[in-house]
Protein chains: 2
Amino acid sequence: MAKTSGYHHGDLHNALLAAAEALLEKQGVGGVSLREVAKTAGVSHTAPYRHFKDKNALLAALATTGYVRLAEAMEACVRDHPEDPLQQMSQASHAYVELAIGHPQVTNLMFGGVLQPADWSDELGKESNRAFEGLLTIVRNGQESGRYVDKETREIALLVWSTVHGFSMLCSAGHLHEVAEDPRQITALVDSMGGMLMQGILK
Amino acid sequence: MAKTSGYHHGDLHNALLAAAEALLEKQGVGGVSLREVAKTAGVSHTAPYRHFKDKNALLAALATTGYVRLAEAMEACVRDHPEDPLQQMSQASHAYVELAIGHPQVTNLMFGGVLQPADWSDELGKESNRAFEGLLTIVRNGQESGRYVDKETREIALLVWSTVHGFSMLCSAGHLHEVAEDPRQITALVDSMGGMLMQGILK
DNA sequence: ACCTGAACACCGTTCAAGT
DNA sequence: ACCTGAACACCGTTCAAGT
């Protein structure tokens, strides 16, 4: 299963990340302690310091995996519908919400402000930018096909990002537990809201 | 300044909340410890337990003050423009973003998932609902004036909430530090995005 | 290189005791 | 009623020491 090559573990780095993510999703960020993570991985409570500068660095690495997932999901939309920018956009919004619902606590960790900008690693920033660039590309594709309103690409992308992000955060933090519980309802809501966002709210 | 009536403090409850909010906004939620809050308020580290069940209860009370501010801001929009639902909506979006930027760490605490649903007090839920109801009213006013698209009030409100909320969270968590730093830029962005949201993105 | 155990400062929480 | 000090279990981090 694991490599178990070297002195003790072989791939302690990833084992720690996996243990931390499991703890995070089960208990929330408040339930993650470095000592518990180490115990789950089967090493002493100081071993993690060989792989991460401190606790925040581990959490930042966890958030980074979330940004990687998000960036790759955005890029997959372009690949899956190379000729249809509107389908790219639709898939992107569904993928964003799905990731937030599938990994709610990682989403909170990415965007919930527990990690302050000072804690962000270079890699986290890089992957976060890559995710936004993926969305920018999708908007740019729509503009180049002549389908979108004549506004700055960045502004349209920021509007879409804000909307999808806001909905995802409200879901992952539990604020929509009454209005939208099951996945079917959420899919329908995303479609309906996406339609309004594209067509506009005013008559 | 304070009441200093009773045995020691008179209004320790509010003194603790004020100390906690100051610590929170200065250091982020990770920098808030009950012992430090007590020290700042000038009492022993066990005194807070006379006023709050535990640390999460103090944080929940802090988040509740944020929801109160938000709910009152929403309700003020209706009062300030009794005959103009579109102005109500515009003011609401600006107020929401302003609160998030003015109290970024409280916003993170309200929506960032540190407080799990199990930690929510009844009062927090009540004020959170009141804030959303305020937004619902603004949307309903727009619908009754015949200006909005023929969709469920809840869905339009959820779309607007998601958009404004997403933008606010991206701001308060520091993810837009490059794209939008000064207040003037943010005001312009909110107007531009609000315009697109109302008119639609598609040609 | 990689890991450990002891140690330190700090934290949340409880509880018997003081006024 | 309101507050305190001692105590306990837990935590993040450092460091000398082990293989």
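Order of the sequence lines fixes the chain letters, A, B, ..., with proteins taken first and strands second; residue numbering starts at 1 for each chain. As the structure is a prediction and not an experimental result, all values here were calculated from the model.
- One atom, CG of A/L58, and another, C1' of D/dC11, lie 15 Å apart when rounded to the nearest Å.
- Side-chain contact, B/E25 with B/H103: no donor N or O sits under 3.5 Å from an acceptor N or O.
- You'll find that the side chain of A/A47 is closest to C/dT4, out of D/dT13, D/dT4, C/dT4.
- Within the 3.5 Å criterion, the main-chain N or O of B/A188 finds no donor-acceptor partner in the side chain of B/S192.
- Between the P atom of C/dA16 and the CZ atom of B/R50 lies a distance of 12 Å, rounded to the nearest Å.
- With distances taken from any side-chain atom of A/R35 to the nucleotides C/dA7, C/dT4, D/dC3, the minimum falls on C/dA7.
- Considering only side-chain atoms of B/H45, the nucleotide from D/dC3, D/dA6, C/dG12 that sits closest is D/dA6.
- The distance from atom NZ of A/K39 to atom P of D/dG12 is 12 Å, rounded to the nearest whole Å.
- With hydrogens and angles ignored, the 3.5 Å screen pairs no side-chain donor or acceptor of B/K151 with any backbone N or O of A/M193.
- B/S172 and B/T107 share no donor-acceptor pair across their side chains, judged by distance under 3.5 Å alone.
- For B/S33, a side-chain nitrogen or oxygen approaches OP1 or OP2 of C/dC11 to under 4.0 Å.
- Rounded to an integer number of Å, the gap from CG of A/D11 to P of C/dA1 is 19 Å.
- As rounded to whole Å, 13 Å separates atom P of D/dT4 from atom CG of B/L34.
- The only option from A/Y96, A/F132, A/F111 that meets the ring-ring contact (aromatic ring centres under 6.0 Å, His included) definition with A/Y67 turns out to be A/F111.
- If you check C/dC3, D/dT13, C/dT13 against the side chain of B/Y49, the one that comes closest is C/dT13.
- Atoms NZ (A/K55) and P (D/dT13) sit 8 Å apart, rounded to a whole Å.
- A salt bridge does not link B/E123 with B/K126: every distance from a Lys NZ or Arg NE/NH1/NH2 to an Asp or Glu carboxylate oxygen is 4.0 Å or more.
- Rounded to an integer number of Å, the gap from A/H51 NE2 to D/dG12 C1' is 18 Å.
- Remark: P of C/dC10 and CG of B/L23 are 15 Å apart, rounded to the nearest angstrom.
- Closest approach to the A/T46 side chain among D/dG12, C/dG5, D/dG5 is made by C/dG5 (side chain taken as heavy atoms from C-beta onward).
- The 12-atom threshold is not exceeded at CG of B/D122, counting heavy atoms of other residues, nucleotides or ligands nearer than 6.0 Å.
- A/H13 comes within 4.0 angstrom of no nucleic acid atom, judged by non-hydrogen atoms across all strands.
- Where DNA chain C pairs in unbroken runs of 3 or more (Watson-Crick or G-U, both distances under 3.5 Å), the stems are C:4-8 with D:12-16, C:12-16 with D:4-8.
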